[in-house]
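In what follows, every chain begins at residue 1, and chains take the letters A, B, ... in the order their sequences are listed. Computed from a predicted model, the values in this text were never measured in an experiment. Just so you know, these numbers use all the heavy atoms, side chains as well, and skip hydrogens, waters and symmetry mates.
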Amino acid sequence: MQYWLMKSEPDAFSIDDLQRVKIEPWDGVRNYQARNMMRDQMKKGDQIFFYHSNCDVPGIVGIMQVEKPGYLDHTAFDPEAKYYDPKSKEDNPRWYMVDVKFVKKLKRTISLAELKEQQPLEEMALVRKGNRLSIMPVEKPQWDYILSLL
DNA sequence: GCCAACGTTGGC
DNA sequence: GCCAACGTTGGC
């Protein structure tokens, strides 16, 4: 069992959206590090923090889990799609995604500001300056510590 | 292989 | 809306 954190802009797709649809293909990721984690490392049942970025109060808002491990992100082949990538070919696909499933919404947002105050979390990529990775692994002790803040 | 230019992310 | 920090692209 591994633990992860995935970012989404709530204007585009929020924890409430996930609660409504239950299962969502996490498409549109166009970053190689994130791609590699989805394609090679994420397993069904892995637990994931849902993080709201680019909003009034950025932070962790819920928990989801991997429902379907890495598979082709077909939206890269579609010229009409927002994240169309003409360099991703069907015979040599470049991008992958996973399906995620709603687990729960936290009773409050654990804000980035609060996370930055936590000494046990200072090694987390999330709180490091300039971090832009939209998917990152979370260590089990960090996962437990964050939940203990609730 | 270097690096300038450009585009994107995301906090503030 | 600004801008720092990155990642990508493409000329050389």
To the nearest Å, give me how far apart [atom1] ([X]) and [atom2] ([N]) are.
{"X": "A/Arg30", "N": "B/dT8", "atom1": "CZ", "atom2": "C1'", "result": "14 Å"}
{"X": "A/Met136", "N": "C/dC6", "atom1": "CE", "atom2": "P", "result": "13 Å"}
{"X": "A/Asp11", "N": "B/dT9", "atom1": "CG", "atom2": "P", "result": "14 Å"}
{"X": "A/Leu126", "N": "C/dC6", "atom1": "CG", "atom2": "P", "result": "14 Å"}
{"X": "A/Arg128", "N": "B/dG10", "atom1": "CZ", "atom2": "P", "result": "17 Å"}
{"X": "A/Leu112", "N": "B/dT9", "atom1": "CG", "atom2": "P", "result": "18 Å"}
{"X": "A/Asn31", "N": "B/dT9", "atom1": "CG", "atom2": "P", "result": "10 Å"}
{"X": "A/Leu133", "N": "B/dG10", "atom1": "CG", "atom2": "P", "result": "9 Å"}

Quiz item: cation-pi between A/Arg35 and A/Tyr96, 6.0 Å / 45°: no
Any side-chain heavy-atom pair of A/Asp73 and A/Arg94 under 4.5 Å: no
Nearest heavy atoms of A/Ser14 and A/Phe50, plus distance in Å: C-CZ, 3.6 Å
Smallest separation among heavy atoms of A/Ile110 and A/Leu106, with atom names: CD1-CD1, 4.0 Å
Pairwise 5' ranking along DNA chain C for A/Tyr32 and A/Gly130, keeping only the more 5' one: A/Gly130
Residue met sooner reading DNA chain C from 5', once A/Arg132 and A/Asn54 are mapped to nucleotides: A/Asn54
Would you say a side-chain N or O of [X] is under 4.0 Å from OP1 or OP2 of [N]?
{"X": "A/Lys129", "N": "B/dC12", "result": "no"}
{"X": "A/Lys7", "N": "B/dG10", "result": "yes"}
{"X": "A/Tyr51", "N": "B/dT9", "result": "no"}

